[in-house]
Amino acid sequence: KQEVTQIPAALSVPEGENLVLNCSFTDSAIYNLQWFRQDPGKGLTSLLLIQSSQREQTSGRLNASLDKSSGRSTLYIAASQPGDSATYLCAVTDAGGTSYGKLTFGQGTILTVHP
Amino acid sequence: NAGVTQTPKFRVLKTGQSMTLLCAQDMNHEYMYWYRQDPGMGLRLIHYSVGEGTTAKGEVPDGYNVSRLKKQNFLLGLESAAPSQTSVYFCASSYLGQLYEQYFGPGTRLTVT
């Protein structure tokens with residue numbers, strides 16, 4: 001059974017810092033990996049999706065990397081801002097014809113960026 | 001283009017009552033999912049559907065039923081609510097052509113007393 005772990009559980013940084021969020025998964029046979037953002041009391045917003053054949057994806061100040069063989073992904077946030085404060089969730093879709101995109105989630109990292 | 005919408009946003013039930021949560025998507029997605037989010041447990045898949053008229057069990061299906069009579073709608077039913085079903089429920093949809101990238105609704109906060 002796939003298990004996803006995110007470290008750290010919480011992170012507090014001053015504005016302007018570059019930071020890294022970590023995600024690990026136990027079964028390397030994945031189809032893709034997604035990073036989501038969740039604001040308090042809100043739904044999930046997809047930030048980046050990395051296919052299993054890719055090494056990284058970038059969107060603005062965000063860069064996600066994937067090392068499938070070691071079961072790891074990192075989300076790098078450059079020049080953090082208070083508006084980046086949220087919970088960041090990592091989720092994987094297993095490979096295989098019957099996965100149908102089902103996601104297995106980590107428990108998230110709560111990020112606080114203070115001015 | 002509303003994306004994924006959920007009805008209702010909040011609900012309080014007494015133990016033993018029943019209710020249906022409605023999810024609707026306007027993106028013509030084939031796949032739809034129901035997750036629950038609990039503190040310390042993360043999001044867990046309840047049921048999912050790979051197309052109109054089909055449903056399947058996820059990780060935590062007990063106590064829930066689902067139906068997908070129309071492609072754009074996915075209903076989650078609680079026949080006899082229990083306090084353990086107090087949670088935030090999220091619906092999502094995806095499309096193979098978009099690599100199963102999932103789009104989530106805003107959630108339904110359910111409290112069972």
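The chains referred to below are lettered A, B, ... by the order of the sequence lines, with proteins before strands, and numbering in each begins at 1.
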Checklist entry - Can you get from A:I7 to A:L21 by hopping between Ile, Leu, Val, Met, Phe, Trp and Tyr side chains that sit under 4.5 Å apart? => result no

Checklist entry - Is chain B contacted by the side chain of A:K42, its backbone, both, or neither, given a heavy-atom distance below 4.5 Å? => result backbone

Checklist entry - Counting heavy atoms not belonging to A:R61, are there more than 12 under 6.0 Å from its CZ? => result yes

Next on the checklist: Show the nearest heavy-atom pair for residues A:G101 and B:Y100, with the distance to one decimal.
Outcome noted: CA-CG, 3.4 Å

Checklist entry - Picking from B:P106, B:S94, B:G105, which has the most non-hydrogen pairs under 4.5 angstrom with chain A? => result B:P106

Item to check | B:F90 versus A:Q38, closest heavy-atom pair with distance | outcome: CZ-NE2, 3.4 Å

Item to check | Verify same cluster id: A:F25, A:F105 (apolar side-chain graph, 4.5 Å) | outcome: no

Item to check | Sorted by number, residues from residues 36-60 of chain B in contact with chain A (heavy atoms, under 4.5 Å) | outcome: B:Q37, B:G40, B:M41, B:G42, B:L43, B:L45, B:Y48, B:V50, B:E59

Item to check | Partner chain B: residue of A:G41, A:G43, A:G106 with the largest heavy-atom pair count (under 4.5 Å) | outcome: A:G43

Next on the checklist: Distance check, rounded to the nearest 0.5 Å: B:E101 atom CD versus A:Q51 atom CD?
Outcome noted: 11.0 Å

Checklist entry - Among the clusters formed by ILVMFWY side chains lying less than 4.5 Å apart, do A:L111 and A:W35 turn up in the same one? => result yes

Checklist entry - chain B heavy atoms under 4.5 Å from A:L44: which part of the residue, side chain, backbone, both or neither? => result both

Checklist entry - Is there a chain of hydrophobic side chains (I, L, V, M, F, W, Y, each step under 4.5 Å between heavy atoms) that links A:I30 to A:V4? => result yes

Next on the checklist: How about OH on B:Y95, more than 12 heavy atoms from neighbouring residues, nucleotides or ligands closer than 6.0 Å, or not?
Outcome noted: no

Next on the checklist: Between B:M19 and B:V88, is there shared hydrophobic-cluster membership here, with clusters defined by ILVMFWY side-chain heavy atoms closer than 4.5 Å?
Outcome noted: no

Checklist entry - Side chain, backbone, both or neither: which part of B:Y35 has a heavy atom under 4.5 Å from chain A? => result side chain

Checklist entry - Is there a side-chain contact between B:Y33 and A:L103 (heavy atoms, below 4.5 Å)? => result no

